[in-house]
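Structure record follows, encoded as structure tokens.
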Amino acid sequence: MAKFLEISPQPNYKEVESKVLKFWKSQNIFAQSEAKAASKGEFVFYEGPPTANGQPAMHHVLARAFKDLFPRYKSMQGFHVTRKGGWDTHGLPVEIAVEKKLGLTGRNHGATRAEMEEFNKLCRESVFANIQDWNTFTERMGYWVDLEHPYVTYHNDYIESVWNLLKRLWQKGLVERDYKVVPVSPRIGTTLSANEIADGYRDVNDPSVYVRLPIRLGTMPKALKAELEHQNVSLENLENPALVVWTTTPWTLPSNTLAAVNAELEYVLARSPQGHVIVAAGAVERMSQLYKDLPPLEVVARFKGSVMEFLEYHQPFPESFEELKLEGKAHFVALADFVTDDDGSGVAHEAPVYGAEDLALGRQYGAPLCFGTDKNGIMQVTEAKGKFFKDADKDLIRIMKERGVMYHAGQLLHSYPFHDRTGDPILYFARPSWFVRTNKMRANLAAQNQKINWYPPHIKDGRFGNWLENNVDWSISRERYWGTPLPFWKSEDGDLHVVGSIKELSELTGRDLSSLDLHRPFVDDITFDLNGKTFSRVPEVLDVWFDSGAMPSAQWHLLLEADGSAQRQENLETFKKHFPADFICEAIDQTRGWFYSLHAISTLLYDSPAYKNVICLGHLVDEKGKKMSKSLGNVVDPLPAFDKFGADSVRWYMFTASEPGDTKRFSERLVSEGQRGFVNTLWNVYSFFVLYANIDNPNLSNAPNIEQRPEIDRWLISRLEQTKEVMTKALDHYDARGAGKALDKFVMEMSNWYVRRNRRRFWSQDGTVDSSAYATLYEALVTCAKLAAPFTPFLAESLYQNLVRNQDSSSPESVHLCEWTNFDASRCDLNLISEMNAVLIVVELGRAARAKASLGNRQPLPRALVYARNSSDVTALTRLKDVALEELNVEDMEFLTGVTYKVRPNLPVLGKTLPSDAKKLMPQITAALANPEIAARVAENLNAGKIETLEIDGVNIELTLEKVLIDAEAPAGFESALSEGFLVALDTNLTPELKLEGLKRYLVRMVNQARKDAKLEVSDKIELRLELEGELREAAQEKRESLALETMCSSIEFGEPEAGDFVVALEDGGRLGLTKI
RNA sequence: GGGUGGUUAGCUCAGUUGGUUAGAGCAUCCCGCUGAUAACGUGAAGGUCCCCGGUUCGAGUCCGGGACCACCCA
């Protein structure tokens, strides 16, 4: 057998990993893994595209660790996995980055065609500004993804596929134009995203006005009329009856079309200083306080909000409808769930064009849209026409006072969003917008969702399911510049034509447009004639979520209409092969992002989910549970962490630290714990193996068959098989953590039990090499490398190269090209595993007993007395007696008899077998068994195989060995320990021989410590001189041979150390000296 | 305001269908062991299982109510 490469027991993971990276690169291992024969077909994975112009951060490591693991696993299992990279390149983040670079603050950079052209050019250039960082990051963490052929959302091919998709939606009648309320920065008239407003909230003083809306008595709904009559209210005697509404935005009052009440709330008719008013019952007290010097509101009738529906009123600015030439039914009471009586009057003023909920309500009641301002916030109606909306408040309040409809005008300090770049208050404003009618497909969206396996499962009917249930139509248009232009062409009179490909557009225009850049402004120049009308493009671009949601087809440049070209046909085949995905994985914020856009598009077009399994990760937070953000300064950069701990340790942490769906805390300290637990332990076993294999040069191919190896070897192999089984099952259920924990447990046992117990077998004496031990540990290590490959690809590769590839050049070139090792039941002796568990418990107890007796493990003891609860454990301990004896350093083991017993009911078992009325007797049963005489009788009879019956309260309780727990108590005079039905007692009477042996072991330890301190190699031989008195001298003389053997010592002399010896003083005044020879 | 998840040792987390003395790793201390090991072993210390109520012979676990944290939506 060739020598293994020598390795350091304390590796520099940065070096180890960079060596592996070089190897992967030079041998094209990733490409090979993509190219290798796949017996099981395709495992479909979709890469969720990151925004390339951001910086890679730790949360990308989290997602990518999982996105890497399953493809690696499936590939080893014999699937082919296409791992096409992708980049999200359009949209606001890019535009904002460019705006910042240009120093544009609130200027409308799309005002002219030339400006827009320049702006989009800069956007395109900036998209990949950080691409180098991404490439470095991707490679360094060992994330295998094809970055040479990624899909890029701004490429013409991609856009064309998205157009094609939109056309198909249009043909299905799922595209329509409507209004949508969006936050707008007035003056520049730009739509803002939620992120842009999030930081802009400020506390400001705004008007707080209560306005009277006189009711039209003649239109009073019957239900309300009946209520009032029932409560003896005479309509004729009412004084100026009015609804009172409350608002902090008087400038929206001219746009009022409805007043809203909550159907379930209680409302009242009350006498106020200004006549009769209708307000919420919960607002009476508050409104009485408005005029403290005047009498409070006096309730004259009470009724539910629902009876007021369709009650009409006079709105304070009737001129709005005239000036805007509006028609249609408006100015009546509508019912709305969102109305509360927590503030104001409990009656909401509705100006639908200035609020999302209000718009929906207005639509529901069919009220016309009244635009009191334009999108730049300039008033279009009333005397205040031409004023900026915020400046109009004063005039409008004055007018309302003049008209006698102002109930009360005050001020209110509240928080309101401002646009930080212009300083203007945000205007929420209904803009024409394009929608995909997902709401119509709501039932199917939910049905398709039921086919998806969500990890964690609660997302399915929780966050994602709820989101689908409350689905509203998907607003797909944005009034921006850098994005996929909507392929919507409109004629002047409103006819719509959706273009599905460049070829189609070429045919429509009669020009070859195959080299047209599909972005604005170029595409805006294209017009065509159809049906005698001229069509030009609508100005909007597409929501970027639609871009990424289109990737299943757009990444393959799918154009559905066959045109006879081989390329189109091939793309279609490729798409079919890669749809739907078997697996995707992103963080939980994508439930409303990519998870949704994939799902919606796929449901609408293909009547299928887009993915079958999805891991939805929790967010990464800092050590204290705080969100990682630049402003808090708690961001951990991935690259330095990779260098410090190794990418493997960071990955390992991501898999094993907590459930994937839980919020995960991250810090260097936590990563280093995982490193010490798993990565270092595996490495240590590996380095142990290499160290001794290189000395002993075992012939592994000549090792005995598994069946002929010692039990401890078969035990390790059995545990190895068991680990394979658990891991495979876990990974098949996308349970990375479960698989990782199983591997971790195995590595711990291999190190702390197998290697520790068998150290001496790897240390050949008189030239006999224990090839069983070597073959067993070798197999365990190689298998660990394969099992760890998807988790810690560098470590796995490193082990594999040295242990396998360097020995056998016919083996696969990389661990990642190996087959996944499958469970082999014939090699897994479950019985042996449980027997070993019994030994482990007994050893543990023996050590505890030693500790109680203050007897160090080096002192051999004559006898251990063991009690085991059941006979199979007795068999096990008898078979594996030697292991226990050696580990406990005792000469003999006997089974205890004559113990006293403690008996308790085995509750889970007994509870199930008792009839329900007898279960109440449980406390009495426990009490009865606590009686020593009953306990002794029950224990002895049950142990003898008889069945015992207890009579309690006239009920016969039949007891069997399974239904009770019997513990033994040690006879007096022994140190003992007790657990899980086992008892271990130690006989601490030392014979002179045992004493000498203990002393010898002390000497061995001192000599070996001295060798270590003298920096000798393991294989160095020494001369030893011992200057000893009394017992120690006697022990050294008596045990001279074994002392020499265990210290690699060729000669022992008794006397003073010589000059040049490495000298160590001993406890009792003696000295030892040694010299290397 | 609505939704989802969470709350168990100083820290990070397990805890299966309700059942025995609620566990592991890390950290601390004592002792021990050690020629792979920066490792390991024994023991100690550390818990009102967030709170209140209910169901039950029995609740960390099931039910109801509440508090707090995180995220999403409004």
Side-chain angles (χ1 to χ4, degrees), chain A residues 9-10 194 337-338 340 342 355-357 456 458-459 461-467 469-470 587-589 591-592 618-619 621 623-627 653 656-659 661-665 667 669-670 672-674 676-677 680-681 683-692 737 741 744-745 748 751-753 755-756 759-760 762-763 843-852 854-859 887 889 904-912 914 916-926 964-965 967 977 979 1001 1004-1005 1007-1012 1016-1020 1046-1048:
Chain A
Q10 285 112 38
D337 290 343
F338 59 80
T340 70
D342 295 342
E357 280 177 326
H458 63 78
I459 306 284
D461 295 314
R463 192 173 282 208
F464 196 67
N466 289 342
W467 165 250
E469 223 168 87
N470 301 318
I588 191 165
D589 48 285
T591 41
R592 275 138 177 95
H619 282 131
V621 295
E623 197 167 15
K624 292 177 191 130
K626 287 257 162 29
K627 201 170 158 179
Y653 177 75
T656 54
S658 61
E659 287 300 323
D662 290 349
T663 304
K664 202 180 302 291
R665 296 187 180 210
S667 72
R669 188 179 62 83
L670 294 168
S672 99
E673 273 178 25
R676 283 159 64 184
N680 281 355
T681 307
W683 188 273
N684 282 329
V685 176
Y686 162 56
S687 98
F688 168 85
F689 175 85
V690 168
L691 178 65
Y692 288 101
R737 191 181 193 206
K741 276 163 89 173
D744 187 63
K745 188 158 179 253
M748 293 304 147
S751 173
N752 298 338
W753 182 244
V755 174
R756 188 166 59 77
R759 255 179 308 202
R760 279 156 206 266
F762 293 90
W763 180 4
V843 166
E844 196 171 291
L845 291 173
R847 289 208 189 103
R850 261 188 192 276
K852 281 189 201 166
S854 306
L855 279 168
N857 209 35
R858 90 170 80 105
Q859 176 60 60
E887 190 67 17
N889 197 17
R904 295 167 290 157
N906 187 1
L907 292 173
V909 179
L910 186 61
K912 278 195 186 95
L914 287 183
S916 54
D917 55 330
K919 285 183 185 175
K920 298 194 176 157
L921 301 174
M922 204 69 90
Q924 282 114 296
I925 299 172
T926 310
V964 293
L965 298 171
D967 285 320
S979 155
R1001 286 188 59 160
V1004 169
R1005 187 189 151 210
V1007 174
N1008 282 336
Q1009 187 60 47
R1011 286 180 58 114
K1012 209 174 181 179
L1016 299 191
E1017 292 297 319
V1018 177
S1019 51
D1020 291 338
E1046 291 186 44
T1047 55
M1048 297 286 279

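Any value given below was found using the heavy atoms of this structure, including those in side chains, with hydrogens, waters and symmetry copies removed. Sequence lines set the chain letters: A, B, ... in the order given, protein chains first and strands last, and positions in each chain run from 1.
- Comparing the C1' positions of B:C69 and B:C51 gives a spacing of 15 Å, expressed to the nearest Å.
- To the nearest whole angstrom, the two P atoms, one in B:U20 and one in B:C62, are 15 Å apart.
- Ring planes of A:W683 and A:Y686: perpendicular class, angle over 60° (limits at 30 and 60°).
- Put simply, CZ on A:R665 and OG1 on A:T663 are 9.0 Å apart, with the number rounded to the nearest 0.5 Å.
- To the nearest 0.5 angstrom, A:L691 atom CG is 11.5 Å from A:N684 atom CG.
- Using a 4.0 Å heavy-atom criterion, one finds that A:V843 contacts no nucleic acid atom at all.
- Between B:A24 and B:G18, the two C1' atoms lie 23 Å apart (nearest whole Å).
- Between A:L907 and A:S751, the residue anchored closer to the 5' end of RNA chain B is A:L907, taking for each the nucleotide with the nearest heavy atom.
- We find that CG of A:N906 is positioned 12 Å from P of B:G19, with the value rounded to whole Å.
- A:T340 comes within 4.0 angstrom of nothing in the nucleic acid, heavy atoms only.
- When rounded to the nearest whole Å, the span between CG of A:N470 and C1' of B:G1 equals 14 Å.
- Both key distances under 3.5 Å define a Watson-Crick or G-U pair, and stretches of 3 or more such consecutive pairs in RNA chain B run B:1-7 with B:67-73, B:10-13 with B:23-26, B:50-54 with B:62-66.
- Other residues, nucleotides and ligands contribute more than 12 heavy atoms inside 6.0 Å of the CG atom of A:N470.
- In terms of heavy-atom proximity, A:S687 sits nearest to A:P9 at OG-CA, 3.7 Å.
- A donor-acceptor pair under 3.5 Å links the side-chain atoms of A:R737 to the main chain of A:T656, judged by distance alone.
- A:D337 has its CG atom 16 Å from the P atom of B:G1, to the nearest Å.
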All N/O pairs under 3.5 Å across the protein-nucleotides 59-64 of chain B interface:
none

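- A:D589 comes within 4.0 angstrom of nothing in the nucleic acid, heavy atoms only.
- Using C1' as the reference atom, B:G15 and B:G60 are 8 Å apart when rounded to the nearest Å.
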Atom pairs, N/O to N/O, protein against nucleotides 32-34 of chain B, distance under 3.5 Å?
| residue | atom | partner | partner atom | Å |
| --- | --- | --- | --- | --- |
| B:C33 | OP1 | A:R858 | NE | 2.7 |
| B:C33 | OP1 | A:R858 | NH2 | 3.0 |
| B:C33 | OP2 | A:R858 | NH2 | 2.8 |

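- Each of B:C71, B:A74, B:U37 was ranked by its minimum atom distance to the side chain of A:R463; first place goes to B:C71.
- Considering only side-chain N and O atoms, A:Y686 lies nowhere under 4.0 angstrom from the phosphate OP1 or OP2 of B:A36.
- Nearest to the side chain of A:R592, among B:C13, B:C72, B:A36, sits B:C72.
- Atom CD1 in A:I925 sits roughly 18 Å away from atom P in B:G19 (whole-Å rounding).
- Between the side chain of A:R1005 and the backbone N or O of A:R1001, no donor-acceptor pair lies under 3.5 Å.
- Dashed line: the shortest gap from a side-chain N or O of A:R737 to OP1 or OP2 of B:A14 is under 4.0 Å.
- Residues A:V685 and A:I459 both approach RNA chain B. Their nearest nucleotides, taken by heavy-atom distance, put A:I459 toward the 5′ side.
- Look at CG on A:L670: it is 8 Å from P on B:C13, rounded to the nearest Å.
- Nucleotide B:C71 holds its P atom 17 Å from the NZ atom of A:K664, rounded to whole Å.
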Residue pair A:W467, A:T591: steps toward the side chain to side chain contact (heavy atoms under 4.5 Å, CB included) verdict: CA-CA 8 Å; A:W467 165 250; A:T591 41; 5.8 Å; no

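- Between the C1' atoms of B:G58 and B:C40, the separation comes to 40 Å (whole Å).
- Atom name P, nucleotides B:A36 and B:U48: the rounded distance is 43 Å, in whole Å.
- Distance noted for atom C1' between B:A9 and B:A70: 23 Å (whole Å).
- Listed candidates were B:U4, B:G5, B:A36. Nearest to the side chain of A:D662 is B:G5.
- Atom CE in A:M748 sits about 9 Å away from atom P in B:C26, given to the nearest Å.
- Spacing of C1' atoms, B:C52 relative to B:U12, comes out at 29 Å, to the nearest Å.
- Look at NE2 on A:H458: it is 15 Å from P on B:C72, rounded to the nearest Å.
- The base of B:U12 is not paired with the side chain of A:R665 by any donor and acceptor separated by under 3.5 Å.
- Considering all non-hydrogen atoms of both residues, A:S751 and A:T681 come closest at CB-CG2, 3.5 Å.
- In terms of heavy-atom proximity, A:P456 sits nearest to A:G661 at CD-CA, 3.9 Å.
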